[in-house]
Amino acid sequence: MLSSPHMQPSIFKSYDIRALSPGEIEISDAERIGRTLGAIYKPKRVIVGHDMRTTSQELEEALIEGLRSQGADIVRIGLCSTPMFYFAMTEARESVDLGVMVTASHNPSEYNGFKMMLGNGLPIGQGSGMEDIRDMACSEMPIPHAAQTGSVTDDEHVLEHYIEKMWQLSGLAGDFSDLRIAVDAGNGMNGHTLPKLLGRLHGAHIEKLYWDLDGRFPNHEANPVKTETLDALRAVMKKHQCHVGFAFDGDGDRIGVVDEEGTPIPGDMLGALLSQEILRDHPQATILYDLRSSSSLPELITSLGGTAKMCRVGHAHIKKQLIEE
């Protein structure tokens, strides 16, 4: 493989493409990645969305041009969280071949990148296509244009459909006037989705932190796994005597939860709480947990009649194993 002087193989990670942007990912790289995806997968229809990072829109435009040069028709869904992007892919599963979201997830503001997903729901990662994309994108091989350039259309209704579906799945209803919660969106994409969703908790007292979209992350790094990023949330919870607090990362698919005492709840403990609910509705279900979890999680799953299976860290690995098992 011959490395391009403009694109380094190191930007192709285990379950996404991610690096400093500008710097390691330039506009020309986004176009080349789009062209590569088109050449490898030959998609007829592609869903594309982006987060609020300062370089996301220009990278998205270049990515789309690369995909269109290979004949792909593009459906732009605009600003979206990663869960909202996956929802759009799931809803369009019968008519879409590929999806790409421009985001660097929980990484600092200097970064950007791409999450990619096939129409069948399988994320593209190590062992499921990432190596092929890396090798072609970083080579000096020219990728010729297709005979016909693809089109671009906009879907402006994904957010409203997503909120409606999430509300239905929650099963919530009634008066929430006794509920006090604090929510830190970290200036990330859940500042886009939360107003419409939490607005349905009629009567609830919601303390809002950093719901304005700002890809510079001026208040703190949007990564709730780092407990120091929860300090502002904990202070607000204490001031307003909240029952629970939630914090999200930049693209809205990573969550931190703080209890009424101001103590962060570890991810495997959240997994334990969720597993109890899942196994109540789906007895003997298989539940995946990643290798960062303590032994208490698989022990609980097993004690409740479920089957616990360990998997690699990363959304692409987890979803691949979910599809397989």
Side-chain angles (χ1 to χ4, degrees), residues 10-25 49-57 59-60 79-87 99-117 123-126 130 182-194 197 208-234 245-258 264-271 274 288-293 311-320:
S10 60
I11 73 174
F12 296 85
K13 309 297 184 182
S14 178
Y15 48 86
D16 61 6
I17 299 171
R18 182 174 14 97
L20 294 171
S21 181
E24 296 172 305
I25 297 179
H50 68 273
D51 69 12
M52 71 297 123
R53 291 173 183 267
T54 57
T55 59
S56 288
Q57 283 191 278
L59 291 179
E60 181 190 60
L79 280 168
C80 60
S81 65
T82 290
M84 181 178 152
F85 167 70
Y86 288 139
F87 167 80
V100 186
M101 180 177 171
V102 182
T103 181
S105 189
H106 55 274
N107 284 265
S109 60
E110 302 85 17
Y111 287 78
N112 216 330
F114 308 92
K115 287 184 177 179
M116 301 163 291
M117 183 178 185
I124 296 173
Q126 191 178 73
M130 187 67 80
V183 184
D184 182 351
N187 297 114
M189 281 313 308
N190 274 345
H192 183 58
T193 60
L194 288 171
L197 183 60
K208 305 172 184 177
L209 287 83
Y210 316 134
W211 283 27
D212 294 332
L213 302 185
D214 192 335
R216 300 168 300 169
F217 303 123
N219 295 291
H220 61 71
E221 187 177 338
N223 184 3
V225 171
K226 296 183 177 181
T227 54
E228 64 269 22
T229 68
L230 302 175
D231 289 346
L233 176 67
R234 295 164 74 182
F246 302 94
F248 296 93
D249 71 340
D251 65 327
D253 66 350
R254 175 174 287 198
I255 191 171
V257 182
V258 177
I265 302 175
D268 53 355
M269 294 298 100
L270 289 176
L274 293 169
L288 305 183
Y289 65 98
D290 73 35
L291 51 81
R292 296 172 297 186
S293 298
C311 62
R312 293 176 64 186
V313 174
H315 74 97
H317 303 307
I318 294 168
K319 288 165 186 165
K320 181 175 185 291

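- Atoms NE2 and CE, on His192 and Met84 in that order, are 4.5 Å from each other to the nearest 0.5 Å.
- Using a 3.5 Å distance cut-off with no hydrogens or angles, the side chains of His220 and Asp231 do not pair a donor with an acceptor.
- Summarising the geometry of Ser109 relative to Gly215, their closest heavy-atom pair is CB-O, 3.1 Å, with the distance given to 0.1 Å.
- The nearest pair of heavy atoms linking Asn107 to Phe217 is O-CE1, 3.9 Å.
- Ser56 and Asp51 form a side-chain donor-acceptor contact under 3.5 Å, judged by distance and modelled atom types alone.
- For Leu233 against Gly245, the heavy-atom pair with the smallest separation is CD2-C, 3.9 Å.
- When side chains are defined from C-beta on, Pro22 counts as touching Thr55, because their heavy atoms get closer than 4.5 Å.
- Gly186 approaches Ala222 most closely through the heavy-atom pair O-CB, 3.7 Å.
- For the residue pair Ser81 / Asp253, no side-chain donor-acceptor distance below 3.5 Å is found, with atom types taken as modelled.
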Legend entry - Verdict with supporting geometry, His50 and Leu79, side chain to side chain contact (heavy atoms under 4.5 Å, CB included): CA-CA 5 Å; His50 68 273; Leu79 280 168; 3.7 Å; yes
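- In plain terms, the two heavy atoms of Ile25 and Arg18 that are nearest each other are CD1-C, 4.1 Å.
- Expressed to the nearest 0.5 Å, how far CG of Leu270 lies from CD1 of Ile255 amounts to 7.5 Å.
- In terms of heavy atoms, Trp211 sits closest to Ala185 at CD1-CB, 3.7 Å.
- Test Ile17, Leu20, Asp16 against Ile11 for side chain to side chain contact (heavy atoms under 4.5 Å, CB included) and you get one pass: Ile17.
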Inset, instruction - Assess whether side chain to side chain contact (heavy atoms under 4.5 Å, CB included) is satisfied between Gln126 and His317, documenting all intermediate values. - result: CA-CA 8 Å; Gln126 191 178 73; His317 303 307; 4.2 Å; yes
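- Partners of Asp268 by salt bridge (Lys or Arg N to Asp or Glu O under 4.0 Å), not counting sequence neighbours: none found.
- Summarising the geometry, atom OG1 belonging to Thr103 is positioned 11.0 Å from atom CG belonging to Leu59; distances are rounded to the nearest 0.5 Å.
- Other residues, nucleotides and ligands place no more than 12 heavy atoms under 6.0 Å from the NZ atom of Lys208.
- Looking only at side-chain heavy atoms (C-beta outward), Tyr111 and Pro108 come within less than 4.5 Å of each other.
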Legend entry - Residue pair Val183, Phe248: steps toward the side chain to side chain contact (heavy atoms under 4.5 Å, CB included) verdict: CA-CA 8 Å; Val183 184; Phe248 296 93; 3.8 Å; yes
Inset, instruction - Show your reasoning for whether side chain to side chain contact (heavy atoms under 4.5 Å, CB included) applies to Tyr15 and Arg312. - result: CA-CA 11 Å; Tyr15 48 86; Arg312 293 176 64 186; over 6 Å; no
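- Heavy atoms of other residues, nucleotides or ligands lying less than 6.0 angstrom from NZ of Lys319 number more than 12.
- With sequence neighbours excluded, no residue satisfies side chain to side chain donor-acceptor pair (under 3.5 Å) with Ser10.
- Residues satisfying the salt bridge (Lys or Arg N to Asp or Glu O under 4.0 Å) criterion with Asp251, sequence neighbours excluded, are Lys115.
- Going from atom CG of Leu213 over to atom CG of Asn190 covers 10.0 Å, rounded to the nearest 0.5 Å.
- Between Glu221 and the options Arg254, Lys226, Arg216, a salt bridge (charged side-chain N to carboxylate O under 4.0 Å, His left out) holds for only Lys226.
- Checked by atom type and distance alone, the side chain of Asn187 pairs as donor or acceptor with a backbone atom of Asp212 at under 3.5 Å.
- Using modelled atom types, one side-chain atom of Arg53 and one backbone atom of Ser105 make a donor-acceptor pair closer than 3.5 Å.
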